[in-house]
Amino acid sequence: MKFGIIRERKSPPDRRVVLSPEACQKVVAHQSKAEIIVEPSPIRVFSDEEYKAKGFVVASKMEECDVLLGVKEVPIKSLIPNKKYFFFSHTIKEQPYNKKLLRAVLEKNIELYDHEVITNQKEQRLVAFGRYAGIVGAYNGLRTYGLKYDLYQLPKAENLANQQELIQELKKIKLPNIKIILTGRGRVGNGAKEMLDAMNIRKVNVTPYLEETFDEPVYCQIDASDYNKRKDGVRGNKADFFANPEEYKSNFFRFTQVSDFFIAGHFYGQGAPYLYTREDAKQEDFKIKVVADVSCDIDGPVATTIRPSTIADPIYGYDPKTESETDFKNESAIAVMAVDNLPCEIPQDASEGFGQAFVKNVIPAFFNGDKDGVLERARMTQNGKLTLRYQYLSDYVGI
């Protein structure tokens, strides 16, 4: 089995890679029949020389490989027919901007495996960048807070090498006695939590967070069962919420009344109630003034997120009265950081973490007959057709 590590060609450029030089070494050490060729890249976070130093061929020979590994979508003109590809296709939710890409994949008889649907038998994701989105999202949010109130200046995350350098910068700042609300206990939420804990910000439970005042900054990490409640008043739980989201309404407003800064690290499922609406944000007692929306669902559950922002220009202001964009430093503005590709800002850490999971959970499936069904569940296309699991995309691609 010959694996090819492809050059990322999407714009803006992404410096991440599925397998670092060390991860490549692990693959060939554990799988005697595995071979890896690395396509040259001027932007990859690990240089061509680093791969060569570990003994790997760096050459434009992707057509010789069986399986091609990438991170972002491959431009249509760069797709090689009749190959197996791994990348984030962003088509699972019928995203309109990638309809042509999926159609081209089918026309070129490509076997597409999407990183987003690499799961175990319990349908839990096995490879993801979520933790790194949370890490950078929390840092960027704290940076935004300093800029909004002219309290301190933090360097941009993209100009720092890794998580440890981000933490070193955060330890230099002093926050006022603010309350920070963090949603989500998955990879994203816990990535953000790592950063708050590294700053030694005190974590408090829901009741004291809502009812008490503190002489230091504090944060509260909550999950779906904390910010949603059943409409019929019956006590709900997380499993019931995920099974019957339409039976629930938001209970998040009580947090907006006491919070200064909101880090959105939750997963939002279709049919679930919004955390807060544009009408909620108009209320006199809506206190949040800075939002780091790591989840970044546009015009969705976090109503102040009206567009994604970029690494180059990460912050915009939301005017609750006019429901439109404004200068984030305006007194009435809610400052929004909604970068939708946060892990790109620490590409080395993100690539190393992702690669560890890929080597552990995906590579063995090519050599053990896919005994756990990892490849089968992630395979979206085969023989020029959508696989059974992804037949629901038929109307989307127009076949």
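- The minimum heavy-atom distance between V290 and I334, with the atom names listed, is N-CG2, 4.4 Å.
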Show the numbers, then the answer: is there a ring-ring contact (aromatic ring centres under 6.0 Å, His included) between F328 and Y316? CA-CA 5 Å; F328 76 89; Y316 59 87; 9.6 Å; no
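- Electrostatic pairing of K282 and E323 counts as a salt bridge here, judged by a charged N lying under 4.0 Å from a carboxylate O.
- No side-chain heavy atom of K229 sits less than 4.5 Å from a side-chain heavy atom of R235.
- Note on residues 93-107: pairs passing side chain to side chain donor-acceptor pair (under 3.5 Å), not counting sequence neighbours, are E73-N98.
- Legend: side chain to side chain donor-acceptor pair (under 3.5 Å) pairs involving residues 171-180, not counting sequence neighbours, sorted by first then second residue: E169-K172.
- Checked against a 6.0 Å centroid threshold, the rings of F262 and Y219 do not count as neighbours.
- For S259, the side-chain hydrogen bond (donor to acceptor under 3.5 Å, both in side chains) partners are Y209, not counting sequence neighbours.
- Counting heavy atoms from C-beta on, the side chains of V302 and H266 come closer than 4.5 Å.
- Put simply, the side chain of L170 reaches to within 4.5 Å of the side chain of I173, judged on heavy atoms.
- Within the 4.5 Å cutoff, the side chain of L19 has heavy atoms near those of the V359 side chain.
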Quiz: residues 22-38 side-chain donor-acceptor pairs under 3.5 angstrom, not counting sequence neighbours:
{"residue": "H30", "atom": "ND1", "partner": "K26", "partner atom": "O", "Å": "2.9"}

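- Legend: side chain to side chain donor-acceptor pair (under 3.5 Å) pairs involving residues 289-304, not counting sequence neighbours, sorted by first then second residue: Y276-T304, R278-D299, D293-T305.
- Residues in residues 50-67 take part in these side chain to side chain donor-acceptor pair (under 3.5 Å) pairs, two or more places apart or across chains: S47-E50.
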